[in-house]
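Right, one structure below, let's go through it.
The sequence lines fix the lettering, A, B, ..., with proteins before strands; numbering per chain opens at 1. The analysis underlying the following values was restricted to heavy atoms, covering all of them including side chains, and did not include hydrogens, waters or symmetry mates.
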There are 2 protein chains.
Amino acid sequence: MTTMKAYYLDHAAATPLDATVLAAMQPYLEDEFANPSSLYGTARRTRQAVETARHQVAGLLGAKPTEIVWTSGGTEGDNLAVQGVLRAAGPGAHWVATAIEHDAILGQVEPLRRQGWPATVVPARPNGLVDPAAVQTAITDDTVLVSVMLANNEIGTIQPVAEIAKRLVAVRADRTDRGVKLPLYLHTDATQAANYLDLHVARLGVDLLTLNGSKIYGPKGVGALYVRQGTQLEPLLYGGGQERGRRSGTENVAGVVGLGVALQLVQGTREAEARRLLALRDQAWRAIQAALPDALLNGDLKRRLPNNLNLTIPGTEGEALVLYLDNAGLQASTGSACSTGNLDPSHVLLALGRTAAEANSSLRFTLGRSTTEAAIKHLLAELPPIVQRLREL
Amino acid sequence: MTTMKAYYLDHAAATPLDATVLAAMQPYLEDEFANPSSLYGTARRTRQAVETARHQVAGLLGAKPTEIVWTSGGTEGDNLAVQGVLRAAGPGAHWVATAIEHDAILGQVEPLRRQGWPATVVPARPNGLVDPAAVQTAITDDTVLVSVMLANNEIGTIQPVAEIAKRLVAVRADRTDRGVKLPLYLHTDATQAANYLDLHVARLGVDLLTLNGSKIYGPKGVGALYVRQGTQLEPLLYGGGQERGRRSGTENVAGVVGLGVALQLVQGTREAEARRLLALRDQAWRAIQAALPDALLNGDLKRRLPNNLNLTIPGTEGEALVLYLDNAGLQASTGSACSTGNLDPSHVLLALGRTAAEANSSLRFTLGRSTTEAAIKHLLAELPPIVQRLREL
């Protein structure tokens with residue numbers, strides 16, 4: 001079994017570190033180890049590397065370098081965005097999230113409510129898209145933050161962030177007219193979107209945007225948060241004052257260099273790669289529909305990341321599907337890999353109106369850079385008999 | 001100039017990544033990229049790597065693996081310890097720190113005071129040591145946390161943590177007698193101590209202990225926080241529930257593997273390395289005293305890390321000394337490298353009773369694994385003429 005060719009179809013859980021990215025990181029894992037805050041020449045070089053990466057990321061977002069804050073990953077970015085804005089606004093400030101956000105957002109709702117910051121969670125429609133009008137309706141005069149992910153990690157649906165941003169412009173104008181002084185910021189988690197979508201922050205109309213190295217063929221343990229100039233943000237981590245006081249801690253030099261190069265690579269190839277994967281993904285979906293006519297697609301087929309296929313296969317159990325597929329040389333997921341040992345049904349699928357049984361019969365394939373037609377052929381050969389065997393058990 | 005041999009004497013600011021550590025990390029920067037929370041076989045391998053590293057770190061601290069929480073570094077560890085304990089205790093809980101803590105501790109004092117958690121900062125004695133009785137005196141019935149670093153990053157003084165721990169045992173017993181139910185935890189930042197001192201948490205008597213990869217010849221951007229079982233800790237980062245809910249976010253697999261191996265290496269050689277560096281450090285200090293009789297040692301000579309030499313050289317300016325020494329092939333520091341572009345006099349030296357002028361005339365050498373007699377000879381040849389030149393300017 002161990003010599004069998006394995007096809008990795010779980011790129012939403014983790015991506016391999018690109019060889020070019022690792023090569024760019026390598027000097028900073030070896031000779032170039034100086035603390036960027038030191039004064040001598042070798043430290044000026046590591047400082048330069050950190051700032052070059054910052055320019056690179058800023059350029060890809062259409063942002064200023066000073067608007068990029070390095071983090072330790074997507075979870076920290078999401079927590080810094082939400083807690084940073086709420087703590088800066090003071091207790092009682094309200095925020096809005098959607099029911100299909102990542103746990104790094106939704107996991108903050110109850111603890112922050114206990115700490116004095118109430119939230120409204122806006123439902124998603126059955127197709128996995130959020131209604132901009134519903135988001136607007138949830139906004140009160142106490143709301144300082146709206147958080148809507150750019151693309152969902154489980155079902156890949158692409159949220160109407162720019163449309164929500166337009167509604168926020170209207171809300172802000174109305175507030176100004178009425179003398180309501182509270183700021184109102186829009187945050188988007190672009191962790192899963194960065195490989196395939198435009199991240200230009202002005203076109204999106206967002207004030208904060210989360211990036212994560214480990215989902216874009218970059219290193220684990222590093223990320224970035226775009227914070228529009230003027231955004232009132234309280235740090236999560238206090239200390240040496242790095243990142244203009246917004247995120248203290250010695251910079252992960254190799255990590256941020258890797259993040260910069262990784263983002264450049266995925267953004268540089270995103271349109272061609274999206275077309276390539278869309279064709280493979282749609283081919284897979286059509287063939288699965290033919291072989292398993294009762295399989296249900298979770299989330300809208302059109303407004304969806306090109307690499308995502310999330311299915312409910314009635315009469316099966318997602319975890320068993322994943323283990324049988326692994327045994328057949330195919331790596332897939334039941335949904336989010338981020339909830340360790342959590343066997344509760346996916347909150348995203350429940351939000352779409354799936355039953356708990358349907359949610360537990362679900363399977364996520366996420367294609368990526370290494371995926372070719374061979375993987376799809378193997379998938380199409382292996383999945384139907386596995387489903388049949390599991391249904392017979 | 002660029003071909004001149006350079007001697008790195010700033011190991012408290014950053015350490016090179018050990019080649020053995022990098023070799024241990026390498027598989028997790030290449031083929032072994034799976035998200036440890038995924039279900040398939042390759043993910044069980046990365047999960048195993050994360051847990052092996054956790055056992056390794058726990059073993060070196062005399063702790064249980066479940067008591068180790070991975071972080072993104074020393075700053076996050078210190079912030080999770082302080083904010084985690086205070087937020088779990090609720091607003092109004094009080095904490096105690098010393099005046100010579102790292103900014104990752106002291107930088108929390110004012111923001112947390114504004115958020116409802118007052119602190120008392122205990123002064124240090126002129127020799128850079130904290131008086132355990134003064135720490136005890138600062139404790140009130142509202143105190144939930146005392147934070148005292150194991151060894152100081154600027155002057156290397158080794159604090160009487162175990163003695164403070166004994167006093168806390170008495171305070172807790174007295175509280176129990178009087179029916180005061182609030183917990184009282186002891187945190188120590190062992191970031192600088194880990195290369196040379198015993199980290200056994202029971203012998204130290206601490207409830208929380210911060211480690212940082214980048215100061216122990218491990219990777220930047222990764223650390224660990226020991227959290228004694230039963231400690232009430234609110235997370236900083238909410239999300240997928242990794243680290244038993246105490247610190248969400250996909251694990252930095254390569255990073256934690258590196259941290260485990262790095263800690264094993266430094267703890268395995270710490271006694272021999274301490275003896276070796278103590279001899280070199282004391283040799284340097286005797287020779288500098290002879291050459292520059294008015295040089296002052298900052299901090300106690302005996303209760304001090306063996307690799308640290310922090311001097312005030314009257315009539316000079318620390319930043320100029322660092323730049324001239326860099327030009328002469330010697331990398332040193334004015335104190336902490338962690339306060340980016342901060343030219344304020346060191347809060348540690350001020351806490352010892354140095355004047356602002358004396359603090360600004362200070363220079364820190366921190367020896368390390370690569371330091372041999374050649375570096376000390378070069379230092380002794382270069383420093384006196386540089387001091388003379390600067391005094392003549």
For A:A332, which atoms come within 4.5 Å of any heavy atom of chain B: side chain, backbone, both, or neither?
backbone
Among B:T75, B:N252, B:N79, residue most engaged with chain A (heavy-atom pairs, under 4.5 Å)
B:N79
Using non-hydrogen atoms and a 4.5 Å limit, figure out which bit of A:E32 sits close to chain B: side chain, backbone, both or neither.
neither
Drop me the distance from A:Y238's OH to B:L112's CG, to the nearest 0.5 angstrom.
6.0 Å
Side chain, backbone, both or neither of A:L237 within contact of chain B (heavy atoms, under 4.5 Å)
both
Looking at B:R87, B:E319, B:E234, B:Q83, which has the largest count of heavy-atom pairs under 4.5 Å with chain A?
B:R87
Which portion of A:Y8 sits near chain B, non-hydrogen atoms under 4.5 angstrom:
side chain
When A:G74, A:G223, A:P16 are compared by non-hydrogen pairs under 4.5 Å with chain B, the top option:
A:P16
Between CG of A:N327 and OH of B:Y40, what distance do you get to the nearest 0.5 Å?
15.5 Å
Looking only at B:R244, B:Q108, B:E30, B:R114, most heavy-atom pairs under 4.5 Å shared with chain A are made by B:Q108
Among B:G90, B:P111, B:G107, the residue with the most heavy-atom pairs under 4.5 Å to chain A is B:P111
Chain A contact via B:L236 - side chain, backbone, both or neither, heavy atoms under 4.5 Å
both
Quick one, A:T42 with B:D326, criterion side-chain contact (heavy atoms from CB on, under 4.5 Å). Give me CA distance, side-chain angles, the key distance, then yes/no.
CA-CA 9 Å; A:T42 55; B:D326 186 27; 6.0 Å; no
In terms of heavy-atom proximity below 4.5 Å to chain B, should A:A254 be classed as side chain, backbone, both, or neither?
neither
Would you call B:N35 and A:K215 a side-chain contact if the rule is heavy atoms closer than 4.5 Å?
yes
Test side-chain contact (heavy atoms from CB on, under 4.5 Å) on A:K220 and B:E251; report intermediate values, then the result.
CA-CA 7 Å; A:K220 291 180 174 65; B:E251 297 87 345; over 6 Å; no
Sort A:V253 into side chain, backbone, both or neither according to what part of it lies under 4.5 angstrom from a heavy atom of chain B.
both
Within the 4.5 Å heavy-atom criterion, are B:L39 and A:T334 side-chain neighbours or not?
yes
Over all atoms of both residues, closest heavy-atom pair of A:S72 and B:S72:
CB-CB, 3.5 Å
Criterion side-chain contact (heavy atoms from CB on, under 4.5 Å) on A:D10 and B:S38, from CA distance to verdict
CA-CA 9 Å; A:D10 200 16; B:S38 294; 3.5 Å; yes
Taking side chain as C-beta onward, heavy atoms only, is B:F33 less than 4.5 Å from A:T15?
no
Which answer fits A:E110, side chain, backbone, both or neither, if we ask what part of it has an atom under 4.5 Å from a heavy atom of chain B?
neither
